[in-house]
Amino acid sequence: MVTLTVSRFAPSPTGLLHLGNARTAFFSWLYARHRGGRFVLRIEDTDASRSRPEHVEALLADMAWLGLDFDAGPGKDTPEGPYWQSQRAGIYEQAFNQLQAMGRAYPCYCTALELELARKMQLSRGQAPRYAGTCRDLTLDQRAAREAEGRQGALRFQVPGGRELRYQDLVRGEQVFSSDALGDFIIQRADGSASFLASNAIDDALMGVTDVLRGEDHVANTPRQLLLLEVLEHRLPRYGHLPLLVGDDGAPLAKRHGATSVSELRGLGYRPEAVLNLLFRLGHSAAVEGWATNAGMIEGFRPEHLGRAPARLDMAQLTHWQKEAVKLAHADQLADWVPATVPADDKAAFIAAVRANLTLPADAKAMADMIYEDLPPLTPELEAIVRAAGAATFEAAVLALDSGADWSGLTRSVREATGRKGRDLFQPLRAALTHALEGPEMAPLLALMGPLRARARFEQALTACQ
RNA sequence: GCUCCCAUCGUCUAGAGGCCCAGGACACAGCCCUCUCAAGGCUGGUACGAGGGUUCGAAUCCCUCUGGGAGCGCCA
């Protein structure tokens, strides 16, 4: 029987979706889409103290903005749902009872302090810190005694000793672990809630997830989860672990690396297609040259070409894809980049004129200011250029304007009047009109600013020539 | 401290013993084009972390070192 591929993204809503998680989500999405499967979104909000509804809202908004649609998840319920772990306590409870009945899980009464102490001891002896199994063989009487002391037991999964655990990682190949290195792990906290290790694995199984793509930080969790699912007699998903994203200094991505959350990038005006094109190539060698559409990325996605080394995030590459995105964007998609100072009738012409010089909306604002607002004073460099051109240049320009000339007529008149051409002709005119040395093509710029403004700016240049 | 993973231009990567004195993209520099700048086109420089092996031959295999990443929670 051919099983439909089901992949998933299972974030916990404890903060903003950052690029690293977005990449995990994107690759999982690509994985499902590439194989014609289903993509599931599950909210892992078992940590009530850190999970926030507004983070879920933001996450959903970010996913939608990126275009990562899911077939099942919050707001898209199915019989396998609900897709909020906070609503699945009963399901986990059932599994915990089963595990305890089978003798594969036991209550542990160790306190945080005791555990911390034990860890320190092991560490100081040069051993890997892991749970020593203190409460594993407690008799019923001993358990009753602890309970009588008012101690709340947490539930630990009993890891069998002396077993070699192996699995085929989708990106790292065969992985081998000794069960002795694992230690009995918590599956239910003392407050009764399910731990990540348990709820995450159980839900993947129950939701029919066949392929889990997640961050490398979960590698060591995999043998534990596999063990757990095996005992529960669930079908085991395949796991693949993506190397983490690091900043330009090679250190784990952090705030000091700048805008690294999806919503920040969105706020700055980055296009989702640009972000996706960046992510597509981070730690993944694409079978795609140049700009890729969503369809192209789905088609060109190669899970076997996922790297195993941490990938550095280089914002210069984002800028490149962003410029591509702007170039290719439909005018409608750039409509809200146009500042309010641009007259409604000019909007389309404005976009057409400045588009090639835009990266972010802030650039559009600068362009609009350059056309419609009062210019900042000439810098010494610009003034020197204006003065070098001399009054004759601007007198001719004003005259041309007064006779209704457009840009090409104006430049012709000035050339004829002054004999200047090429750089000597254009640079002073651009400097006078925009108080800048570079920018969009002058012809449409002049048309947008209109003869009145242009005339005033030329007269200003004339003054500077005195 | 212990365990695991990784290591090709500044960055993302191709490369699975001879096709590689290492290819592409971004960034950078130069040139061309256009009556300026930008855009566009072309060209160029820059890399197999180090040291040992194995082999007729190594970026590709082995070892050591160095560097980076991850894990060792009643956090996910």
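Keep in mind the model is a prediction, meaning the values are calculated, not measured. Chain A is the first sequence line, chain B the second, and so forth, proteins listed ahead of strands; every chain is numbered from 1.
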Closest to side chain of A:Leu115, choosing from B:C74, B:G69, B:U36: B:C74

Contact nearer the 5' end of RNA chain B, comparing A:Ala316 with A:Ala112: A:Ala316

Along RNA chain B (nearest heavy atom to each residue), the more 5'-positioned of A:Phe177 and A:Thr14: A:Phe177

Could I get the full list of side chain to side chain contact (heavy atoms under 4.5 Å, CB included) partners for [X], not counting sequence neighbours?
X: A:Leu448; answer: A:Asp346, A:Ala349, A:Phe350, A:Ala353, A:Ile371, A:Tyr372
X: A:His234; answer: A:Ala205, A:Leu206, A:Leu229, A:Leu232
X: A:Glu116; answer: A:Arg119, A:Lys120
X: A:Glu54; answer: A:Arg52

With A:Arg42 via salt bridge (Lys or Arg N to Asp or Glu O under 4.0 Å) - residues at least two apart: A:Glu44, A:Asp203, A:Asp204

A:Arg151: partners by salt bridge (Lys or Arg N to Asp or Glu O under 4.0 Å), with sequence neighbours left out: A:Glu114, A:Glu149

Nucleic acid footprint by protein, nucleotides 59-66 of chain B - heavy-atom cut-off 4.0 Å, B for base, S for sugar-phosphate alone: --------

Would you kindly give the [atom1]-to-[atom2] distance between [X] and [N], to the nearest whole Å?
X: A:Asp249; N: B:G69; atom1: CG; atom2: P; value: 9 Å
X: A:Phe280; N: B:C26; atom1: CZ; atom2: C1'; value: 16 Å
X: A:Leu197; N: B:C75; atom1: CG; atom2: P; value: 11 Å
X: A:Tyr239; N: B:C4; atom1: OH; atom2: P; value: 22 Å
X: A:Trp407; N: B:C37; atom1: CH2; atom2: C1'; value: 11 Å
X: A:Asn277; N: B:A25; atom1: CG; atom2: C1'; value: 12 Å
X: A:Arg430; N: B:C37; atom1: CZ; atom2: P; value: 10 Å
X: A:Met442; N: B:U36; atom1: CE; atom2: P; value: 14 Å

Mutual orientation of the aromatic rings belonging to A:Trp321 and A:Trp291 [parallel < 30°, tilted 30-60°, perpendicular > 60°]: tilted

Parallel, tilted or perpendicular: ring planes of A:Phe26 versus A:Trp29, cut at 30 and 60 degrees: parallel

On a whole-Å scale, what distance lies between the [atom1] atoms belonging to [N] and [M]?
N: B:A29; M: B:A50; atom1: C1'; answer: 31 Å
N: B:A27; M: B:G71; atom1: P; answer: 33 Å
N: B:G67; M: B:G49; atom1: C1'; answer: 7 Å
N: B:C48; M: B:A7; atom1: P; answer: 16 Å
N: B:C2; M: B:C19; atom1: P; answer: 41 Å

Set of residues satisfying side-chain hydrogen bond (donor to acceptor under 3.5 Å, both in side chains) with respect to A:Asn294, sequence neighbours excluded: none

Polar side-chain atom of A:Ser179 near backbone of A:Pro160 as donor-acceptor pair, under 3.5 Å: yes

Main-chain N/O of A:Ser7 paired to A:Asp211 side chain as donor or acceptor, under 3.5 Å: no

Would you list the protein and nucleotides 71-73 of chain B atom pairs, both N or O, that sit under 3.5 Å from each other?
from  : atom 1 : to       : atom 2 : distance (Å)
B:C72 : O2'    : A:Pro129 : O      : 2.1

Distances for protein N or O near nucleotides 38-45 of chain B N or O, under 3.5 Å:
from  : atom 1 : to       : atom 2 : distance (Å)
B:A38 : O2'    : A:Asn357 : ND2    : 3.3
B:G40 : OP1    : A:Lys327 : NZ     : 2.9

Filtered N/O pairs between nucleotides 7-16 of chain B and protein, under 3.5 Å:
from  : atom 1 : to       : atom 2 : distance (Å)
B:U11 : O2     : A:Gln317 : NE2    : 2.6
B:C12 : OP1    : A:Arg312 : N      : 3.0
B:C12 : O3'    : A:Gly283 : N      : 3.3
B:C12 : O2'    : A:Arg281 : O      : 2.2
B:U13 : OP1    : A:Gly283 : N      : 2.2
B:A14 : OP1    : A:Ser285 : OG     : 2.9

A:Gly20 to A:Leu253 - nearest heavy-atom pair and separation: N-CD2, 4.5 Å

Heavy-atom pair with the smallest gap, counting every atom of A:Ala105 and A:Ile187: CB-CD1, 4.0 Å

Only pairs with both distances under 3.5 Å count, Watson-Crick or wobble alike; so what is the partner of [N] in this structure?
N: B:G44; answer: B:C28
N: B:A7; answer: B:U66
N: B:A14; answer: none
N: B:C19; answer: none
N: B:G71; answer: B:C2

Check: A:His218 ring centroid to A:Phe196 ring centroid under 6.0 Å: yes

Pairs flagged by ring pair (Phe, Tyr, Trp, His ring centres under 6.0 Å) wherever residues 152-195 of chain A is involved - sequence neighbours left out: A:Phe157-A:Phe185

